[in-house]
Each structure stands twice: as C-alpha cells, then as structure tokens.
2 protein chains.
Amino acid sequence: MSAAVAERPLRIGEVARLVGTTPRTVRYYEEIGLLPAGAARTAGQHRLYGSEDVHRLRELLRLKELLGVTLDELRQLVEAEDARAALRDEWGRTESDRRRGEILFESLGHLARQLDLVRRRQGELARLEQELTAKRRRVQGKLRRLRERVAAEEA
Amino acid sequence: MSAAVAERPLRIGEVARLVGTTPRTVRYYEEIGLLPAGAARTAGQHRLYGSEDVHRLRELLRLKELLGVTLDELRQLVEAEDARAALRDEWGRTESDRRRGEILFESLGHLARQLDLVRRRQGELARLEQELTAKRRRVQGKLRRLRERVAAEEA
DNA sequence: CGCTAATCTGACGTTGACGTGAAGATCAGC
DNA sequence: GCTGATCTTCACGTCAACGTCAGATTAGCG
C-alpha cells in the first residue's frame, strides 16, 4: 500500500520497551504461538521485529487487559489474524480467490466474536457505573443532611 | 430501614452457589481480609452469612472481573465499604457526628476512585470498539470487492 | 580487534488465586 | 441417636504467566 521504505528492524529489547513489557514476555508469547515463531533473525539468531509486530503485540496486550482473557483464549480470538497476515505476504496470486474469500470470511467471524465480547463488557461496565453513581448520590445526600443538621444544632 | 424479619442465615456452600463460586474461595477471601473474619458462626464454628454478605461478595467478584484488579487492589478499592458497614452498626449515636462525616467523606473518595477506574475502562473499550468496527468494515469491503471481481470474471 | 551491552537458549523459581485431599466435627432429618 | 451431607482447619498441589539466573554468543561502535 505504501511505506516500503525499509524501516530499521527492531530488536527484542526495543520492542518490549515500546509496548511496555519485557523481552521475556515477548519470547513467551512467541513460544505459545501468539507471535510468529519463524520470524526474522540476524545471522546470530537475534530476533528482529518490524512495526507491524509492535502493533500486533500492542493489540494483544490490550485485548488481554480489556477483555480479561487468558493467553489461550486470546490465541483463539486472534487466530484469523495470522491467516490474514500470511495472506498479505502472498497476495501475489499464489492463493486462489476461493481461499482468499474463506480467509476474509473467517476474519469476519473472529472480529464479530471480539466485538461481541467488547460490547458485553461495555454493557456490564455501564451497569456498574450506574450503580456506583447511584451509590455516590446516596452518600452525598447523607453527608449533606448530616452537615445541615450539625449547622442547625450549632445555632 | 426495613425487613428486620430475621432472614434465615446461609451457610458457606449456599452462599458459594448463589454467587457462582466455591466455598474455598469464600474462605480465601475471608483469609485475605476481603470478607470480615470475625463474622457469625454456629455453635460448632460453621460460618453463617446474611444476604448483605452475598451482595458484598457479588460486588467483589464483579469488580474483580470487570476492572481486572488483583485481590490486593480490590481490598484497597472497597476499603471504605467496611468502614461504612461498621458505621451502620453504631449509627445509634455511639460515634460522633464528626466521625460519621469523616467516614462518609472517605466513602466518597473511594467511590470516586472506583468510578474513575470504570470510566477509564469504558473509554478504552470504546476506542477498541471503534477500531474493531473499522477493521470489520475494511474486511467487509475487501470481501465484497473480491466477490464482485469473481462474479465479473465468470461472465 | 576489543569491549560492553544486548541477546540467545535452557532451566528452575515465583506469585496469585485458588483446587484438592485428609481427618475430623457438626448439622438436620428421620 | 444415627446417618449422610456439609462443614471445620491445616497442608500440600496446581496452573498460568511470567521472573530470574547461568553460561555462552552476538551486535556494533571506536
């Protein structure tokens, strides 16, 4: 699409700092299949990352945090992302249109599941917020009445 | 306020079932100070609970789930609840108005903190939802164009 | 080339939040 | 007063999600 400017590849420590985690976590995510295992390495086996990896990792951490899912559930949630990434690489006619359609269709399913989770959470949070504000109003009222009474008694 | 009908006290197993957890968890929460440790017991040391305990436990589990906090953070979050419960017991003039005011004021602070957390989460979830719907639109568009092309090629 | 910081691969340690018995005591219905 | 379900207190086990340390290797700058 654009920006084939060959960005400088990042090393694991930089990636970790960028997303606010540690190299160990990045390796762990690779180990359990949340990040691609066969990615780029230097001649000496040091891992190399691009900005899309950073983006992916950020989204993983965000989903985990906001949806409160385990890494296992997380993997299932973003499963289709991998297929789409693979697809991007070989958009050059290697895959059949049929296959491409399948992948896109599956992506839609996974996105729907994510959206469903997000909205369920939003609903629950909204209810919680209602309850908390109601409670706060009650406490505020109590406090106000208490102070009025004290003021009255001092007269 | 009302309903001093002396509800039948519940035992730990019933409470656990009511809130969808296990007796072990209830004991654990008591152990770490999330539930009062010196509560009612039968002659034979079996724990007894009332409906307000059930309510409290429900809210604890909900906060934990929705806010994604540790039990330690959770304890800090609901700290004021305990003070208010203690207050309820001695609302009968034992405590001074000054003390009561302090407790109510503290409650407000804790409620504000909870609300802050809730709203922060809501914001993040809203952003996440935006991104997911945008993504979905893109995939939908891609899929549509792909199908149109295939249909055209078949002609 | 040499040096230091960063990274590599294991492998074992840790922490939170419970699960899972064991061994006995208690509760409630008959 | 017996009996089966439920409860008690330890105490050890477990699982996910990393932390941490060791020992060797590599990156890359002067």
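None of these values were measured; they are calculated from a predicted model. Below, all heavy atoms of this structure are taken into account, side chains as well, without hydrogens, waters or symmetry copies.
A salt bridge is defined here as a Lys NZ or Arg NE, NH1 or NH2 lying under 4.0 Å from an Asp or Glu carboxylate O, and A:Glu131 with A:Lys135 fails to meet this definition. In this structure, A:Arg113 does not pair ionically with A:Asp116, as no charged nitrogen and carboxylate oxygen lie closer than 4.0 Å. Salt bridge absent: A:Arg27 and A:Glu31 never bring a charged side-chain N and a carboxylate O closer than 4.0 Å. Using a 4.0 Å cut-off between a side-chain N of Lys or Arg and a carboxylate O of Asp or Glu, B:Asp72 and B:Arg75 qualify as a salt bridge.
The neighbour count for B:Arg41 CZ, taken as heavy atoms of other residues, nucleotides or ligands under 6.0 Å away, is above 12.
Between B:Glu14 atom CD and C:dA28 atom C1' there is a gap of 12 Å when expressed in whole angstrom units. Residue B:Leu10 contributes atom CG, which lies 15 Å from atom C1' of D:dC7 at whole-angstrom precision. In this entry the distance linking OH of A:Tyr49 with P of C:dA6 reads 17 Å, nearest Å. One atom, CZ of B:Arg17, and another, C1' of D:dA5, lie 11 Å apart when rounded to the nearest Å. Rounded to an integer number of Å, the gap from A:Leu35 CG to D:dC18 P is 12 Å. Here the C1' atom of nucleotide D:dT9 and the NE2 atom of B:His46 are 11 Å apart, to the nearest Å. Atom CD of A:Gln76 is separated from atom C1' of D:dA16 by 15 Å (rounded to the nearest Å). Computed from coordinates, the A:Leu60 CG to D:dA17 C1' distance equals 14 Å when rounded to whole Å.
Mapping B:Thr42 and A:Gly44 onto DNA chain C by nearest heavy atom places A:Gly44 closer to the 5' end of the strand.
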Checklist entry - Once each nucleotide of nucleotides 9-19 of chain C is scored for protein heavy atoms under 4.0 Å, what B/S/- sequence comes out, 5' to 3'? => result B-B-----BBB
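Atoms CG and CD, on B:Leu104 and A:Gln140 in that order, are 11.0 Å from each other to the nearest 0.5 Å.
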